Trainee: 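Please see the structure below; I have some questions.
Everything numeric here is computed off the predicted structure, so don't read it as measured data. So that the names make sense, note that chain A is the first sequence line, chain B the second, and so on, each numbered from 1.
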2 protein chains.
Amino acid sequence: MKHTYEYSRAALTVDCVVFGFDGGALQVLLIRRGLAPFKDHWALPGGFVRVEETLDAAARRELEEETGLKDLFLEQLYTFGTVNRDPRERVVSVAYYALTKPADHTTAASTDAAEARWFPVSDIPPLAFDHAEIFATALARLRGKLTYQPVGFELLPPKFTLTQLQLLYESVLGTHIDKRNFRKKVLSHDLLIPLKEQHREGAHRPAQLFRFDPVKYERLKKKGFLFEI
Amino acid sequence: MKHTYEYSRAALTVDCVVFGFDGGALQVLLIRRGLAPFKDHWALPGGFVRVEETLDAAARRELEEETGLKDLFLEQLYTFGTVNRDPRERVVSVAYYALTKPADHTTAASTDAAEARWFPVSDIPPLAFDHAEIFATALARLRGKLTYQPVGFELLPPKFTLTQLQLLYESVLGTHIDKRNFRKKVLSHDLLIPLKEQHREGAHRPAQLFRFDPVKYERLKKKGFLFEI
DNA sequence: TGACTTCGTGTTAAAAATACACATTACTTC
DNA sequence: GAAGTAATGTGTATTTTTAACACGAAGTCA
């Protein structure tokens, strides 16, 4: 069915920058394009917004279709609207960034839509369209956000050690953090619940496992909380 | 000339939240709609994005057309895309917020496009569409931004006193700030240049005038500067 | 010249951030 | 089963930052 309008209209898409953390380095999820333009180039997952769905819904739908990921932390990033972003026609893209836990990664592998792969953020291939710019914007946003809001948990498995959390902060922010000071600060927010379990790995003392308290998180969020590191 | 597409497309608009400061209270610029829907309601200035212009350009063009304001500080805020924002059809709006100085206000009055008026942010009338939500988002963003980036200058005339700057911070943030501590902190950023002039008003000691140093501002911006108050 | 009003300034106490080192625990190996 | 290995977990002293607080100076007006 054709649709006709008085004036020429831009096409509207969403693109998602999905971050993951593998314990060592921050990763981003890219898909290989199967169609022109930029066929066989790596690109951010995304696609056209349908006329009856919200932008957030479009982002979630495209993510699930293209990567198999769902129920992840997702926030709008910025809208990219330069005139020649897409060689075919005027396309305006609402970019999102998403954070996901390693437990969900396996789901990502089982997609059949397109080839999807994690790349370390320090070494990503050339990207289609203006996706390199979108990616850079997302990374900057993540770095900024991490220092004052407790989003780091979204990148870790449900149970994690303080060392894992610290490694995450260090690799996203690219800095070294003192272990004692980091622990003091994180625990002072009273957002982590120590579990009875421990994490055993290697020939050394096991580490206390924690989980993140979503109830306290919601309470903090309502009063414009800070979570400074 | 008609344009036909395979799938139904959303219309794309920009809306602008323009803040001004009159020395006493933070103001926002609204226009009265001349056409349905929401005829005679107050609304944010804005309009359709043309297919050959960027989003930023559309925001600036609409602002000038509807309010006469140009060359102001303008940043993208958020994109609003719920399905029934507009009763006519699907409309996705890229919202911007803008800051302007009193000197430019007179220009705004001389518009012939539509009735445009400043309202104190503490007392705005019911707004058309979801513009109340857009406005609230913009105000929250401005408050957040003011505390760590030197955007306050954009709301003041080129020459201003420290008391004026403090009043601006106090009225945007809704807090009281200690005069001595405020001055110490602001001057410590080394971004203000004292002028040889003084501001005389009333039967009391005149105040030192300052201007803002755009060169140092650019330098700071490049290294992801902070301007904490 | 005295009253009035806003401008401009310095110090001290409290809180937060930073720097820094070693005993603990469990596994492995001999 | 004793010794070695490797990461965990913890406390204090110092520096820096923030917060609280009061009064003389400069100009106008009556």
Trainee: Can a donor-acceptor pair under 3.5 Å be found between the side-chain atoms of B:Lys184 and the base atoms of C:dT11?
Mentor: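 A donor-acceptor contact between them is present.
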Trainee: Name the nucleic acid region contacted by A:Thr161, choosing base, sugar-phosphate or nothing; use a 4.0 angstrom heavy-atom cut-off, strictly under.
Mentor: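 The residue A:Thr161 makes no contact with any strand.
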Trainee: Can you tell whether the side chains of A:Asp40 and A:Arg33 come within less than 4.0 Å, N to carboxylate O?
Mentor: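 Looking at A:Asp40 and A:Arg33, the cut-off is not met.
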Trainee: At what distance, to the nearest 0.5 angstrom, does CG of A:Leu72 lie from OG1 of A:Thr100?
Mentor: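 Answer rounded to 0.5 Å: 5.0 Å.
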Trainee: Is a side-chain N or O of B:His131 found less than 3.5 angstrom from the main chain of B:Leu44, in a donor-acceptor match?
Mentor: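 Checked: pair present.
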Trainee: Nearest to the side chain of B:His204 - D:dG9, C:dC20, C:dC7?
Mentor: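 Selected nucleotide (nearest to the side chain): C:dC7.
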Trainee: For A:Asp178 and for A:Arg205, locate the closest nucleotide of DNA chain C by heavy-atom distance; then report the residue assigned to the nucleotide nearer the 5' terminus.
Mentor: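 The answer here is A:Asp178.
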Trainee: When you get a sec, tell me which of D:dG11, C:dA26, D:dT18 is the closest nucleotide to the side chain of A:Gln198?
Mentor: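 From the listed options, C:dA26 comes nearest.
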Trainee: Do the numbers put A:Arg117 on top of the ring of A:Phe119, so that NZ or CZ is under 6.0 Å from the six-membered ring centre and no more than 45° off the axis?
Mentor: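 A:Arg117 over A:Phe119 ring: yes.
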Trainee: Using Watson-Crick or G-U wobble pairs with both distances under 3.5 Å, give me DNA chain C in dot-bracket, 5' to 3', with [ ] for crossers and | for pairs to another strand.
Mentor: ||||||||||||||||||||||||||||||
Trainee: Any side-chain N or O of A:Arg183 less than 4.0 Å from the OP1 or OP2 oxygen of D:dT10?
Mentor: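 A:Arg183 to D:dT10 OP1/OP2: no side-chain N or O under 4.0 Å.
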Trainee: Ignoring backbone atoms, establish whether A:Arg200 has a side-chain N or O less than 4.0 Å from OP1 or OP2 of C:dC27.
Mentor: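 For C:dC27, OP1 or OP2 has a side-chain N or O of A:Arg200 closer than 4.0 Å.
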